[in-house]
Structures are given as structure tokens and as C-alpha cells.
2 protein chains.
Amino acid sequence: MSTRMNAGVRSPTLHDVAREAGVSLATASRSLNGSARKVNDAYRERVQAAAARLGYTPNLSAQAVAKGSTMTVALVVGDISDPYFSSIAAGVIGAAEESGFIVTMAVTARDSERELALVRALRGQRPRVLILAGSRTSDEPSQQALVAELTAFESTGGRVVVISQHELPFDTVLLDNYGGARRLAAELVGLGYRRFAVISGVPSLLTSRDRVLGFLDGLAEHDLTVPADRIVHTEFTRDGGFAGAVELLEHGIDDVELVFAVNDVMAVGAMSALREAGRIPGESIAVAGFDDIPTVRDITPALTTVQIPLIDVGRHAVELALAPRTAGGTEIPVETTVVIRESTPARK
Amino acid sequence: MSTRMNAGVRSPTLHDVAREAGVSLATASRSLNGSARKVNDAYRERVQAAAARLGYTPNLSAQAVAKGSTMTVALVVGDISDPYFSSIAAGVIGAAEESGFIVTMAVTARDSERELALVRALRGQRPRVLILAGSRTSDEPSQQALVAELTAFESTGGRVVVISQHELPFDTVLLDNYGGARRLAAELVGLGYRRFAVISGVPSLLTSRDRVLGFLDGLAEHDLTVPADRIVHTEFTRDGGFAGAVELLEHGIDDVELVFAVNDVMAVGAMSALREAGRIPGESIAVAGFDDIPTVRDITPALTTVQIPLIDVGRHAVELALAPRTAGGTEIPVETTVVIRESTPARK
DNA sequence: CTGTTAGCGCCTTCAA
DNA sequence: TTGAAGGCGCTAACAG
């Protein structure tokens, strides 16, 4: 006597359907999944009726082994609860589902060792597409292993798309982190700002590095600089932004007019820290971010930032993956747009 | 001559590894995946070395058909870019990965027809677990079909977990929407508020309905009511909240002291609408939400809300799914906690 | 402990 | 157009 509860019934198989419909396995297969219409309408209908009666659902795994390919997109993100990644994921899932793909998701927790392990594990699914949305780092050893793994994956027919800078030799959705930050700096100078502080991620984070570089270069064009002690490096998260602002405050930033955080969640955290310290964002100190995640237009003051069309980024990634393979690897550049809001009022 | 680029190499199979290592298929299988150590260490090492040399990754689909079961958790959410869902997803993914499960994700776009279709499609993956995080509705016909589909899934050995109220006859992570809203109302009355307006989702949305009910009952305990024209029904999104506030403003809400939006993203949207209309949240009008999504503590004024431990909710869902099946279906109730912040200052 | 041999559920030649 | 049969990559008895 088993203690297992009502788990005895197995899912109906194609074989069951064929028997129920009184046709061969092959005919059943063709009526239910075969692409071209190579089956008598009468049969086809009988099979479909039988399938419905039995509640048949094709076993995707079995189809995968038989066909030697799947209809799945594997997506690797840093942290799905971060609006940056969840917006990209929304785009990926939307586009993938439209093309009949299933998406599986893995989270690196922003750890490149873990990212490598995940990619390896994900390959077991034999996905048609592997999309890396996590931020690239300059952590050489693990990057090389990653490239090797991804190259192997491509050589067996898979497609890989990277969302970031063009650091890796694969199709990529190119985010203009450098240019966006540079233009942001220019606009800010135009508004009358002269003295800045920067809250950056760890130096090995390429996204962060490029944004800082762009920002500094943008300032340099106007002969402005940011003293080294006004650039702090912290976690690429809300709490990191908070901590970064606290650190700046400890150094003393009474004369700083504007704090640039390299992403919006950090900027939001920084605003809270500044406010707790008695500085009022948008009034006694300006703040700018990067990404334009959904909430920042609703906070007070609304945040000046560089907009990335995150949903589109996700969609582009799957378009790229589903398009014919090209020689050197294709890039889809994505426009970034400076959006000035109340957190950076013009200085009179 | 083929135009297909470097897609010719097939992934190495277990067979390749066995040959490379000079052992049988079975031995290779046992050394690489077989749970117990039933293989000579010398052989095991040779096999592992061969696997590494070849870059072998087990084909999960093949394993699935051979074993008759997968290691995947299918997660259905309403909208992954909504912080409510992405936080839950983070919990699900975290817990699933810890147990060696892969998670696949589908998005209903809050459409119950679509949810049904997705569940049907998802069954094709033969996941071990199916988690529904989308909000339940009282839309009878499609709910019945959904229950039928889920029941069939369970009868073939799958586990289903629902996150919501206990509307469906499955294991559920129970969110105390009613109680949380009721306690919120009580606290608000304690702070001195007497005249309220409510921005609700569409009436068929169970989550929304329960929160409104709880809120009204909480007020009723203090002999307070909300006039029908002060309760508006809109989309369960940021834009819905914005639109709801606009609608309230059109009706005239000069005497309203506090607006309760049934979730945080709606509250955030409502705050923007109120502000645009010249009302200052936290000063000339109070606002409260529900969920305690990450950003609301950082907005200004920080939002009073009812906290749901969203990450834990996701984790509980997979714990439930992985625990032994029980007779009537288990429930894990999740505490909700009222969090008073600056958006609802005490009225003198 | 190891190898042989059936399958798992499905697709896809190959004849008929 | 239809059916029979082999094969996809792997696991799980079953003997040895």
C-alpha cells in the first residue's frame, strides 16, 4: 500500500492519443505537431478530438530529444527584484512568448563565479538562446572561462546575446553607457552645476566604469573635474547608494552641488541618506541617476536620469537571437536619452 | 555548401564520454549523475576527466524523459516588471536554485484567459511544481477551467501552489489581505483620520476586493464609512492609481483626509496625480498603500503601507511545493504588518 | 561493481 | 497520405 497520494496516473502520451483515435503514432504526431498539412482532415480531427478528450499535452522534453532542439530561451540576470533587470526580463519574456518560446531564468546575485556556474548548468537545457543581462566585469579569469563556455555553446548551434558594452565576442545589445553619462554631464553643466560628487559601483563593474568615465569626460569638456575623494565606490544596489552617500557626507560635501549615482536605485538610496542628513534633494542638493526605472518619475523630487528603454532592450535581445547568424556578431545599439527632472533644477 | 555557420558540431553525449573514458554507457551515467557511489573511484575519475575534456553537459531533456520527471518549477506571474511580482519571483528563484531546480517563467499580463492558456502550455514541460502568483479573479468560467487544468496536473504527480487567498483547492501561501487592511484602517483612525477615499482595482480582482473589504470593516468598527462615490475602481497598476486619483479629484475630494490605494504602485501613481493637482501628500492629504514594495520607503513622503514579506512568500511557495503532499491541501499563512510612515502623519 | 539491454515519449525517414 | 521502425540521449532494471 502506497502512501503517495493520487500521483499514480501518468500523463497521457501520444501513444494513448493514437490508440484512442484509432490511428498510428505517426499520424497522431503529424496531426498534432507536424508543421505541414500532410494529413487527411478527417483523421486530423479525430486525433485532435482524442487529444482533447484525454487532456493530452505534448511532452516538451521528449520533443526536444527527438528533434534535437528546444524552444527555450535562457535568461541570466543579476537580481530579478531589481527594476533594471525585471524590466529587461519583461521585454525578453514578452518577445519570447510571442515567438512561441519558453523562458527559463537564473540569477547570479551579481557574482561572476556564480554566473559561470549557471551558464554551465543552463547549457544542460540545450536552450536555443542564452541571454546574459548581468553586468560584465573586468574580472579576467572568470571572464575567460565564461567566453570559453559561451563559445562552446555557440559552436553547438546555440545563440548567445549579451546586453552591455561590447566586451564579449557575441551578438550584443549595446547600451551607450559612456555617451549617455557624457551627455548628462553636459546638460547638467548647462543647468549651472559646477561641483559634483559621484557614487559609483565597484571599479571592476564595466557598466559603472563606463558611466563614470563618460560623466567625467563630459565635465572635462567644460574644464570641470571631480576630486578623487568625491568619487566613492559601493555596491550597485539601493543600499550601496545609501552607503555611498553616507560616506560622502562623512568626507564633508557642503560645497557639492550635485551627486551623480551611476544607477537609479543607487540614486534613490542616496537621496534617502542625504535627506536623513538634513540635505533636501532638489533644493539644497541635486541628484541624478541612470536607467530611468519606472518609479523614479514618481518620487519627489522626480529624478533626473539617463533613460534606457529597458523593455525594448529585452525585446531586441531576443530579436537578435532569433535573427540569422552573422559573421562577426551583430550589435544593436540602443539610444540613451537624458531626462531632466526636478531633482536637478536650473541654478540661477 | 552550407551557409549555416559553425553550427555543425553537436554537443557531446554521454556515449561520447563513455567511449573517451573506455567504459560502458551505464558506468559513465553512474559516475556523472548516479546518486549513490556505486562506482570504482578509478573509473569515476576517468569518466569525469573525459567529461571535462569533452565539455560534456548532461542533456536535461533526455534525463527528463528517461527518468519521467524534471527538476523544474514553473512560475506564473501577472507582470514581472511589477515590483510585487519580481520580489516574489526573487524568492521563488532563490529557493528553487538552492534545491537544484530550474525555474521557467510565464507572464499573464493579468489576463485570466491567457493564464489558462499558459498553464496548459506550461504543463508540456512536465514541471514538478507550478506556482501561480497572479491575482485570482472571480471570473467564474475561466476559473473553473483553470481548476480543472490544475487538478489534472496534480493527478499526474505535479504540485501546484497558489499565492493568494484560499480560493482554489490547492496548497496556498495565504496572504492576509483582509486582516492587513483592517488593521491599517484601525491604525489610521487611531492617528486621527476620519474621512477617506479608496482607489481599488476592478471588483473581480479578489486581492483588491479583500483589501477594500478589510479596510471598510476596519473603519466600520469605529463607526466610520466611505461613501460609494469615494471608492473608484481602476487598473491594478501605477497608471491605474494615477487615473484613480484623477477620477477622485474630479468628483471633488476637498474634505478627504486620506486616500487608501489597494497596492503600493497604485499609491505611488496616485501621489503623483495628487501632487500635480496641487495637493501635497503627507501634508495636505495623506496616502496609504499595500505591499511594502522596496521603493516606497525611499519616496517622499515615505509611504504608509501594509508589509507583505514578498521574498519570503516566494520561498514559502517552493517549500510548500517540495514538502510531502498532505490530504486537504496545506496553507502557509503569511503575516502582514502595518507600517506607518510619513505619508500619514498623526492629525493633531 | 560493471556492462547489456530495454525502455522513456516523440519525431522522422522509409516503404507501402 | 499512412504505418512500421529506428533513433534522439539518458536511466534503470537485469544479469554477470
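Sequence lines set the chain letters: A, B, ... in the order given, protein chains first and strands last, and positions in each chain run from 1.
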Discussion item. Nearest whole Å is fine: how far is C/dC10 P from A/D16 CG?
Written reply: 9 Å
Item to complete: Tell me, with the steps shown, if B/M105 and B/I80 meet side chain to side chain contact (heavy atoms under 4.5 Å, CB included).
Response: CA-CA 9 Å; B/M105 205 149 92; B/I80 190 60; 3.3 Å; yes
Practice prompt. Tell me which nucleotide among C/dG9, C/dG3, D/dG9 gets nearest to the side chain of A/R10.
Written response: C/dG9
Item to complete: Can you tell me the distance, in whole Å, between the CE atom of A/M71 and the P atom of C/dC11?
Response: 13 Å
Worksheet, complete the sentence: Given protein heavy atoms under 4.0 Å, the one-letter contact record of nucleotides 11-16 of chain D, with B base, S sugar-phosphate only and - none, is simply SBB---
Worksheet item: If you measure from the Lys or Arg side-chain nitrogens to the Asp or Glu carboxylate oxygens, is any gap between A/E154 and A/R159 under 4.0 Å?
Response: no
Worksheet entry | Distance in angstrom units between A/Q125 CD and D/dG9 P, rounded | 18 Å
Worksheet entry | A/N59 CG to C/dG9 P, straight-line distance once rounded to whole Å | 8 Å
Discussion item. Expressed as a whole number of angstroms, how long is the span from B/N40:CG to C/dG3:C1'?
Written reply: 14 Å
Worksheet, complete the sentence: Between CZ of B/R19 and C1' of C/dG3 the distance, given in whole Å, is 17 Å
Discussion item. What is the distance, to the nearest angstrom, from the CZ atom on A/R126 to the C1' atom on D/dC8?
Written reply: 12 Å
Item to complete: State plainly whether the residues A/D82 and A/R110 are in salt-bridge range, i.e. N to O under 4.0 Å.
Response: yes
Discussion item. Any carboxylate oxygen within less than 4.0 angstrom of a Lys/Arg side-chain nitrogen, looking at A/E115 and A/R136?
Written reply: yes
Worksheet item: When you check the phosphate oxygens OP1 and OP2 of D/dG3, does a side-chain N or O of A/S24 lie under 4.0 Å from one of them?
Response: yes
Response to the item:
Between CZ of A/R123 and P of D/dG9 the distance, given in whole Å, is 14 Å
Worksheet entry | Salt bridge B/R53-B/D16, side-chain N to carboxylate O under 4.0 Å | no
Fill in: NE2 on B/H15 to CG on B/L25, rounded to 0.5 Å
5.5 Å
